[in-house]
Amino acid sequence: MDIMDRLNSSPRLMLVSDLDHTMVDHHDPENSSLLRFNALWEAYYRQDSLLVFSTGRSPTLYKQLRKEKPMITPDIAIMSVGTEITYGRSMVPDDGWVQFLNQKWDKNIVIEETSKFPELKPQAETEQRPHKVSFYVQKDKAKSVTQALSKVLEERGLNVKIIYSGGIDLDVLPNGAGKGQALAYLLKKFETEGKPPLNTLACGDSGNDAELFSIPGVYGVMVSNAQEELLQWHSENAKDNPKILHASERCASGIIEAIGHFKLGQNLSPRDVSDSRQENLSPYLEIVNFALLLEKWRRAEVENSELFIAGIKATVFPSAIIIHPSGSAHNAREYLNTFRKVYGDKKGKQYRIWVDDVVATQLAPGIWLVKFDKWELCGEERKACASTSIMSSRDSDWFNLVHVHQTWLEDSAKGEWFL
Ligand code: GLC
Ligand code: MG
């Protein structure tokens, strides 16, 4: 696993989160809690922690969600209700997990038996996966169908798990599958490699997340907007477990609340800090704060002043070069003069910037190679570029920019660009 190479010791925090209605709030068109989380994660956790997304969605619908919402890249993606595990940006599948799930599983028998239940309405073809067969079923029928179905499948020699979520979805999986089992499998893998996470936080809102909260030693947060079936599971099975919190905030804000509640690390997002021009202690925080500053400048949320521009120029080496994604090279300080032109040009618009997958490597004392992707969202339009910079923290409290090289990311719209 390449993730293991990135971390040279145990992850400080392994955060395992469901997506729909947990990390992603579908009732928040501004995506404010998700953006708060992204900034917090990239600034304080990306360097030594692990982000795991665990979703009911198939890879197809997961990729679609990533295009719709400002999401950062997880280290591990668990999809199709714990039946598919992939690693890294390139989503390399875990073949060992597939092998394991083949035990006592025969998808054809599941299809044959479920077709005898008129109450079960098959979901879209994309959501039918090698180890997951999914339906819609009305709330009042869910219990009786589940009982009858598990009986017939057992009689046919299958060992399955049936999960009801969101008051509508019914998934049939191998018994060894599910979000909880997938997490247990990963934890065991890290243990074997001698790098068990120092803390693990599971985050969810619906029925298929319940198992995440039963893994020993794991902290859990049910976001404030959790579904009835999850809250019911909790009151029947885990009411006295102090490691499980029902947050008072929705979605990603509930996750941040839980990080604070369980004292798992920094829980103040850079987006919640009004003056970010304090001493920046890490290149990660520096990158996140710089992107936020640029966003505020273009939204006219900071004062338009020469002092501001001078302040930014001061953090750039006089000889620093910026290579623009179009390929043209500029002296960085001169290039910063173009800042004046874009003050407030996104005022009143739905304009956001976020950085993804920041990786900082120290090349020599105080000299850093910093790579990240920078995303810009304006209404429906999205642009992204990959950025590679050299930063220096020698002789100052700041990380000064020595060199920046940007390239457009594939499938990103191209256009004018400011840093
Ligand atoms: C996602 C999947 C769906 C599944 C549901 C609950 O919505 O797309 O197939 O039934 O999660 O697990
Ligand atoms: Mg959910």
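In listed order, ligands and their atoms are each counted from 1.
Restricting Asp18 to its N/O/S atoms, the shortest distance to the Mg ion (ligand 2) is reached by OD2.
The OD1 atom of Asp205, the Mg ion (ligand 2) and the O atom of Asp20 define an angle of 90° (nearest 10 degrees).
Gly207 approaches Ser165 most closely through the heavy-atom pair C-OG, 3.9 Å. Of all heavy-atom pairs spanning Gln181 and Gly176, the tightest one is CB-O, 3.0 Å.
At under 3.5 Å, not a single nitrogen or oxygen of Arg57, backbone or side chain, sits near a nitrogen or oxygen of ligand 1. Below 3.5 Å of separation, one finds no N or O of Ser58 facing any N or O of ligand 1.
Counting protein heavy atoms only, atom 7 (O) of ligand 1 is closest to Asp169 OD2, 4.1 Å. Considering only non-hydrogen protein atoms, atom 4 (C) of ligand 1 sits nearest to Asp171 OD1, 3.4 Å. Of the protein's non-hydrogen atoms, the one nearest atom 3 (C) of ligand 1 is Gln123 OE1, 3.2 Å.
Residue Asp209 does not count as close to the Mg ion (ligand 2), with no N, O or S atom under 2.8 Å.
In terms of modelled atom types and a separation under 3.5 Å, the side chain of Glu257 and the main chain of Glu249 share a donor-acceptor contact. Although no hydrogens or angles enter the test, the distance criterion places a donor-acceptor pair under 3.5 Å between the side chain of Glu42 and the main chain of Asp357. Between the Gln128 side chain and the Gln123 main chain, a donor and an acceptor come within less than 3.5 Å of each other. Of the possible polar contacts, none joining the Lys346 side chain to the Glu295 backbone as a donor-acceptor pair under 3.5 Å is found.
Close contacts between ligand 1 and Lys132 involve ligand atoms 3 (C), 9 (O) [criterion: under 4.0 Å to a heavy atom]. With ligand atoms numbered from 1 in the order given, ligand 1 contributes 2 (C), 8 (O), 9 (O) to contacts under 4.0 Å with heavy atoms of Glu127. Within ligand 1, counting atoms from 1 as listed, the ones closer than 4.0 Å to a heavy atom of Ser134 are 9 (O), 10 (O). The ligand atoms of ligand 1 that sit less than 4.0 angstrom from a heavy atom of Val81 are 12 (O). The contact set between ligand 1 and Asn208, taken as ligand atoms under 4.0 Å from a residue heavy atom, comprises 6 (C), 12 (O). Close approach to Gly56 involves these atoms of ligand 1, each under 4.0 Å from a residue heavy atom: 1 (C), 2 (C), 8 (O), 11 (O).
By the 6.0 Å contact criterion, NZ on Lys116 is enclosed, its count of non-hydrogen atoms from other residues, nucleotides or ligands being greater than 12.
Remark: of the listed residues Arg89, Arg46, Arg66, Arg66 is the sole one forming a side-chain hydrogen bond (donor to acceptor under 3.5 Å, both in side chains) with Thr73.
Phe190 does not carry Lys195 over the face of its six-membered ring by the limits of under 6.0 Å from the centre and within 45° of the normal.
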